[in-house]
There are 2 protein chains.
Amino acid sequence: MRRLLVVEDDTDLREMVSETLADEGYHVDQAPDGQRGLHLGLTRPYDVLVIDRRLPALDGLDLITRLRARAVAARALMLTALGTVDDRIAGLDAGADDYLAKPFDLDELSARIRALCRRTADATEALRVGAGHLDLAARDAVLADGTRVSLSAREFELLRVLAARPGAVHPRAALRSRVFDEAAAASIVDTYVYYLRRKLGRTVVQTVHGLGYRLGAL
Amino acid sequence: MRRLLVVEDDTDLREMVSETLADEGYHVDQAPDGQRGLHLGLTRPYDVLVIDRRLPALDGLDLITRLRARAVAARALMLTALGTVDDRIAGLDAGADDYLAKPFDLDELSARIRALCRRTADATEALRVGAGHLDLAARDAVLADGTRVSLSAREFELLRVLAARPGAVHPRAALRSRVFDEAAAASIVDTYVYYLRRKLGRTVVQTVHGLGYRLGAL
DNA sequence: CGATGTCATGCGCCGACTGCTTGTGGTCGA
DNA sequence: TCGACCACAAGCAGTCGGCGCATGACATCG
């Protein structure tokens with residue numbers, strides 16, 4: 001599922017856009033100002049960012065510039081009430097991939113997002129877990145603050161199985177059979193949970209006494 | 001140098017656009033109708049195609065559709081006198097990456113082409129990797145500090161495959177099948193990774209134990 | 001036409017890391 | 001309070017990867 005971020009201070013407009021896009025099958029996150037947009041954009045993997053030009057806390061242009069400076073590769077579509085050519089040029093040269101003037105047609109926005117999505121085919125394939133996510137391509141975990149943690153093959157596999165259903169309790173036996181050989185020792189899962197906790201923090205994998213383990217937030 | 005193709009039947013407009021873009025440093029080819037545009041688009045490597053919607057011989061929409069069917073990856077910017085939302089949506093869904101209504105501002109066209117060019121790093125000219133890049137024409141790597149490192153054909157090919165998705169883990173088998181003969185020895189990839197590290201520094205290619213290699217920053 | 005150098009490839013040893021086991025002490029729950 | 005369950009540490013063996021070296025093909029140049 002494609003992941004979008006809508007950064008727009010007008011609540012009505014933001015929610016209307018978000019709902020429309022969500023109805024079309026996108027996962028949509030929202031941010032009401034530039035600062036929160038920056039934080040989400042840096043810490044979560046998106047395919048397309050829809051960014052208003054005029055934003056409180058951090059201007060849309062600055063937002064894109066700062067995201068690009070941190071090597072965020074997501075496509076950016078800028079919305080604006082400022083319709084002049086120079087505004088559009090400034091937006092595009094700041095790193096936006098497309099520029100749409102308000103008032104705009106929702107169907108056109110949707111079509112332009114489809115066009116941008118076509119180009120991110122091999123981009124970030126990721127599994128979200130709370131505020132962090134698993135980068136399936138790079139095979140490492142990304143924490144809420146953006147820190148990347150490299151995991152060994154088994155560690156990553158175990159975490160991925162847990163992340164398939166975050167919050168659910170996964171019995172030891174299920175984890176052992178999915179991640180390790182059936183013949184492995186009974187305590188193998190414990191040990192790898194220990195490794196994960198050592199790398200990702202104490203609270204990431206929670207013990208449910210007598211039942212198994214459960215994934216908390218990354 | 002970026003390569004553009006302008007497909008437009010209005011001679012005056014085509015030449016004006018072409019000259020303006022040529023002045024900005026692009027290599028620009030021209031085609032006066034869809035058929036000739038199709039032929040050029042299929043046989044030569046372009047970064048961006050500027051295509052009029054209404055064309056003799058072959059309609060702009062059909063042109064894009066046929067190019068896409070033949071896996072031409074160049075970005076397409078569609079020009080049109082038809083300004084309705086439905087036209088724009090039809091163009092975008094046919095495979096265009098951007099859509100600009102006539103009359104348009106030449107500076108905006110130029111800015112939109114710049115935006116499209118940013119995204120075609122992997123097309124023809126140079127592949128950006130972190131602060132450095134690959135010079136596809138000279139077949140050597142340029143480091144962050146500007147140092148040029150000349151690579152042998154195999155070394156360069158291996159680096160290029162890795163650079164297609166920097167940060168992602170590339171399994172050995174995938175690298176061997178893409179860069180070397182299938183029949184090559186199992187350790188051939190290791191050896192060439194060793195060569196790359198020797199020339200570019202230890203950190204450029206990272207090992208992911210049991211899985212493959214990953215490209216760091218140049 | 002021979003000499004020289006570069007490139008592609010194969011082989012093999014050694015070191016490093018991973019995966020897994022085992023054991024001990026601590027914690028939980030009834 | 002007791003038994004079961006769990007956390008953690010350390011160690012071991014096997015595999016994987018790093019790297020040097022040897023060989024042969026090919027191009028280049030004297």
Side-chain angles (χ1 to χ4, degrees), chain A residues 134 138-141 148-162 168-216, chain B residues 134-136 138-141 148-162 168-216:
Chain A
L134 298 187
R139 299 209 129 240
D140 51 22
R148 297 191 89 88
V149 179
S150 72
L151 303 171
S152 82
R154 296 284 187 180
E155 289 166 358
F156 187 84
E157 195 58 26
L158 175 59
L159 185 54
R160 192 154 69 105
V161 170
L162 288 168
V169 176
H170 299 259
R172 283 188 154 58
L175 294 174
R176 193 174 72 234
S177 69
R178 291 203 54 180
V179 180
F180 304 89
D181 200 329
E182 288 288 356
S187 66
I188 190 76
V189 175
D190 301 27
T191 302
Y192 275 85
V193 166
Y194 162 59
Y195 291 155
L196 286 180
R197 289 207 255 240
R198 196 165 55 180
K199 287 189 173 180
L200 300 171
R202 213 52 62 96
T203 60
V204 171
V205 182
Q206 296 155 4
T207 304
V208 184
H209 202 95
L211 295 174
Y213 295 99
R214 153 198 338 177
L215 189 61
Chain B
L134 300 187
D135 185 334
L136 296 185
R139 304 224 122 219
D140 50 22
R148 296 192 86 88
V149 179
S150 74
L151 302 170
S152 80
R154 297 285 185 179
E155 290 166 356
F156 188 84
E157 194 58 25
L158 175 59
L159 184 55
R160 192 157 69 100
V161 170
L162 287 170
V169 175
H170 299 260
R172 288 184 140 58
L175 294 174
R176 195 172 72 235
S177 69
R178 291 200 56 178
V179 179
F180 304 90
D181 199 329
E182 287 288 356
S187 67
I188 192 77
V189 176
D190 301 22
T191 302
Y192 275 83
V193 166
Y194 164 59
Y195 292 155
L196 285 179
R197 288 207 256 241
R198 199 165 54 179
K199 288 188 173 180
L200 301 172
R202 211 51 62 96
T203 60
V204 170
V205 182
Q206 296 156 4
T207 303
V208 184
H209 203 97
L211 295 172
Y213 295 98
R214 150 187 10 189
L215 189 61

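Side-chain atoms are counted along with the backbone in the values below, which use heavy atoms only and exclude waters and symmetry mates. Every chain is numbered from 1, with letters handed out A, B, ... down the list of sequences.
In this structure, Ile188(B) atom CD1 and dG18(D) atom P are separated by 14 Å, rounded to whole Å. A straight line from CG of Asp190(B) to P of dC16(D) spans 11 Å, rounded to a whole angstrom. Distance, Arg214(B) CZ to dG17(D) P: 14 Å, rounded to whole Å.
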Walk me through it: do Thr207(A) and Arg197(A) pass the test side-chain contact (heavy atoms from CB on, under 4.5 Å)? CA-CA 11 Å; Thr207(A) 304; Arg197(A) 289 207 255 240; 3.5 Å; yes
Is there a side-chain contact (heavy atoms from CB on, under 4.5 Å) between Arg214(B) and Asp140(A)? Walk through the geometry before answering. CA-CA 12 Å; Arg214(B) 150 187 10 189; Asp140(A) 51 22; 3.2 Å; yes
List the steps and the verdict of side-chain contact (heavy atoms from CB on, under 4.5 Å) for Tyr213(B) and Val169(B). CA-CA 6 Å; Tyr213(B) 295 98; Val169(B) 175; over 6 Å; no
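When atom types are taken as modelled, the side chain of Arg154(B) and the backbone of Val179(B) share a donor-acceptor pair closer than 3.5 angstrom.
Looking at heavy atoms from C-beta onward, Leu196(B) lies out of side-chain contact with Val204(B) at the 4.5 angstrom threshold. Contact annotation: the side chain of Val205(A) never approaches that of His170(A) to less than 4.5 Å [non-hydrogen atoms, C-beta and beyond]. Looking only at side-chain heavy atoms (C-beta outward), Lys199(B) and Leu159(B) stay at 4.5 Å or farther from each other.
The line from CG of Asp190(B) to CZ of Arg176(B) is 10.0 Å long, rounded to the nearest 0.5 Å. Here the straight-line distance linking atom CG of Leu151(A) with atom CG of Leu158(A) works out to 10.0 Å at 0.5 Å rounding.
A sub-4.0 Å separation between OP1 or OP2 of dC19(D) and a side-chain N or O of Arg198(B) is absent. Considering only side-chain N and O atoms, Arg172(B) lies under 4.0 angstrom from the phosphate OP1 or OP2 of dG17(D).
Between Lys199(B) and Thr191(A), the one whose closest nucleotide on DNA chain C sits nearer the 5' end is Lys199(B). The residue among Tyr195(B) and Thr207(B) whose nearest nucleotide of DNA chain D is located toward the 5' end is Thr207(B). Position along DNA chain C of the nearest nucleotide to Ala185(B) versus Tyr192(A) favours Ala185(B) as the more 5'-ward residue.
If you check residues 148-156 of chain A against DNA chain D, you find no residue with a heavy atom closer than 4.0 Å.
Bracketed by its first and final contacts, the part of DNA chain C lying under 4.0 Å from non-hydrogen atoms of chain A reaches from dG19(C) to dC28(C) in 5' to 3' order.
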